[in-house]
Protein chains: 2
Amino acid sequence: MSSIRVVIIEDDDTIRGGYCFLIDEEEGFEVINAYASFEEATKKLQGDNPDVIVLDVELPGMNGIEALPRIKKLVPKASVLMLTVYDSEKTVFDALAQGASGYLTKDSSADKIVSAIREAHEGGGPMSVNIARLVIKSFRRNQDSPLSKRETQILEMVSIGKSRSQIARELFIDLETVKSHIKNIYLKLDVNSRADAIKTAKDNKLI
Amino acid sequence: MSSIRVVIIEDDDTIRGGYCFLIDEEEGFEVINAYASFEEATKKLQGDNPDVIVLDVELPGMNGIEALPRIKKLVPKASVLMLTVYDSEKTVFDALAQGASGYLTKDSSADKIVSAIREAHEGGGPMSVNIARLVIKSFRRNQDSPLSKRETQILEMVSIGKSRSQIARELFIDLETVKSHIKNIYLKLDVNSRADAIKTAKDNKLI
DNA sequence: GAAAAATCACCCTTTTGGGGGGAGTTTATT
DNA sequence: AATAAACTCCCCCCAAAAGGGTGATTTTTC
């Protein structure tokens, strides 16, 4: 069984050194290379042929989020584990959308990071609890929505681009009924267009 | 410092007994009650005043997902930790939307469950790696989209209900240009309506 | 039995959407 | 330097859809 080939991209010398040592020491892990920036890594990354790349989000020059799609292009088979100090919602979701395999905050313990690398390599999705909390929160619906069940259902259909008549057909109700529901939705949300209704609803996690 | 009050709802006698013992034994935890179904739990739940509820998804009678909103209504301050054998995408997301605090598969080790209860109580979002993997996968964009950057951007705006003219205004381009982009999007996706475009795009994770 | 939700009806005008065609400029990529 | 892809804008057409007003009936729910 060969070792998991790890590459680290992290600008802070101390942290980089620490991770290097700590991961390389671990049984079954091998740190191939460590870079202080994406620019530095870019030419040698393909040669390194890493299984897992530990990528800092806050990087000088091109940041981790911007670098991620380029890295995926250079070494598509590598799993990328994002490492960050800040857990801002947008950054996390952007990273996940770009194909990050996992997301850890830097306050994670050494063995958490090591096991996260292993999990990422095995196809798992390691996440620190505060990141998971963010994600879970983003899924959570508002429990006291002003909208009725039917209204929520219809707004959901509106939100995926369905027309009134389509909705009417699919719910086996009259077009007029759909109009009426949408009118009430607009009233309750205090908007007067589909786009505004969708925005308001999403902002308030009604859909 | 008082103990974390835990209630377990799980139909399998053996598993329920095991969890009961295992959690109650733990320092700082107290199992107040354990039920075999939601129906059984429903009357006594408020009196139990739990901090964390461990809720099985596969329950006889009303299943865990259906029970979840009712439980949240009975004891809103309790964190609910879902426990399941199956990790189907829809079930997981439904549970998270209904306000589950965390989601574990039953193959999780004893101390993982205990620490998950603690994390849930502390406001974290415990998730087993396979669940996290699901969630991450759901965020991941298709890396080789047929759509151009601009087209993706416009489709994204279409997908949140914006009209052509709104899009034109916001992007500082002509209405005709937007039409043209949308025409090309339809061509590439082989559809001929907004709703179909959105559906196809989402199915293929283009947006 | 009152209130909220869900259903349907008919009026009106404006905007939007989808399809057809063509054509110029910029930006990559080779 | 050349080709392709992306981005931009222009014209035509017309049916469908959206939004607003006002009102009424039935079913659920509390």
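Lettering of chains follows the sequences in order, A, B, ..., and the numbering in each one begins at 1.
A/Lys205 contributes atom NZ, which lies 13.5 Å from atom OG of A/Ser145 (distance to the nearest 0.5 angstrom). Note that CG of A/Asp144 is 10.5 Å distant from CG of A/Asn204, once rounded to the nearest 0.5 Å.
Of the side-chain N and O atoms in A/Thr177, none sit less than 4.0 angstrom from OP1 or OP2 of C/dA6. For D/dT8, the OP1/OP2 oxygens have a side-chain nitrogen or oxygen of B/His181 closer than 4.0 Å. Taking 4.0 angstrom as the limit, B/Arg194 places none of its side-chain polar atoms (N or O) nearer than this to OP1 or OP2 of C/dT16. Dashed line: the shortest gap from a side-chain N or O of A/Asn192 to OP1 or OP2 of D/dG20 is under 4.0 Å. When the side-chain nitrogen and oxygen atoms of A/Tyr186 are compared with OP1 and OP2 of D/dG19, one or more of them lie within a distance under 4.0 Å. Contact annotation: A/Lys183 side-chain N/O to C/dT7 OP1/OP2 distance is not under 4.0 Å.
The distance from atom CG of A/Asp174 to atom P of D/dT25 is 17 Å, rounded to the nearest whole Å. Atom CG of A/Asp196 and atom P of D/dA18 are 15 Å apart (whole Å). One interatomic measurement links the two molecules: CE of B/Met157 to P of C/dT16, which rounds to 14 Å at whole-angstrom precision. Between the CD1 atom of A/Ile154 and the C1' atom of D/dA18 there is a distance of 15 Å, given to the nearest Å.
Out of D/dC9, C/dT16, D/dA17, the shortest distance to the side chain of B/Ser165 is found at C/dT16. Checked against C/dG18, C/dC8, D/dG20, the side chain of A/Ser180 finds its nearest nucleotide in C/dC8. With C/dA6, C/dC10, C/dT16 as the candidates, the nucleotide lying closest to the side chain of A/Glu176 is C/dC10. Closest to the side chain of A/Ser193, from the set C/dT16, D/dG19, D/dC7, is D/dG19. Here D/dA6 is the nucleotide among C/dG17, D/dA6, D/dA17 with the atom lying nearest to any side-chain atom of B/Ser148.
Residue-to-nucleotide contacts include a donor-acceptor pair under 3.5 Å from the side chain of A/Lys179 to the base of D/dG20. Donor-acceptor pairing under 3.5 Å, judged by distance alone, is present between the side chain of A/Arg164 and the base of D/dG19.
In terms of position on DNA chain D, the residue among B/Phe172 and A/Val191 whose nearest nucleotide sits closer to the 5' end is B/Phe172. When each of B/Glu151 and A/Ala195 is assigned the nucleotide of DNA chain D with its nearest heavy atom, B/Glu151 is the one assigned upstream, toward the 5' end.
No donor-acceptor contact under 3.5 angstrom links the side chains of A/Arg169 and A/Gln166, judged on distance only. A donor-acceptor pair shorter than 3.5 Å cannot be found between the side chains of B/Tyr19 and B/Asp56.
Two residues are said to be in side-chain contact when any heavy atoms from C-beta on lie closer than 4.5 Å; A/Asp12 and A/Arg16 fail this criterion.
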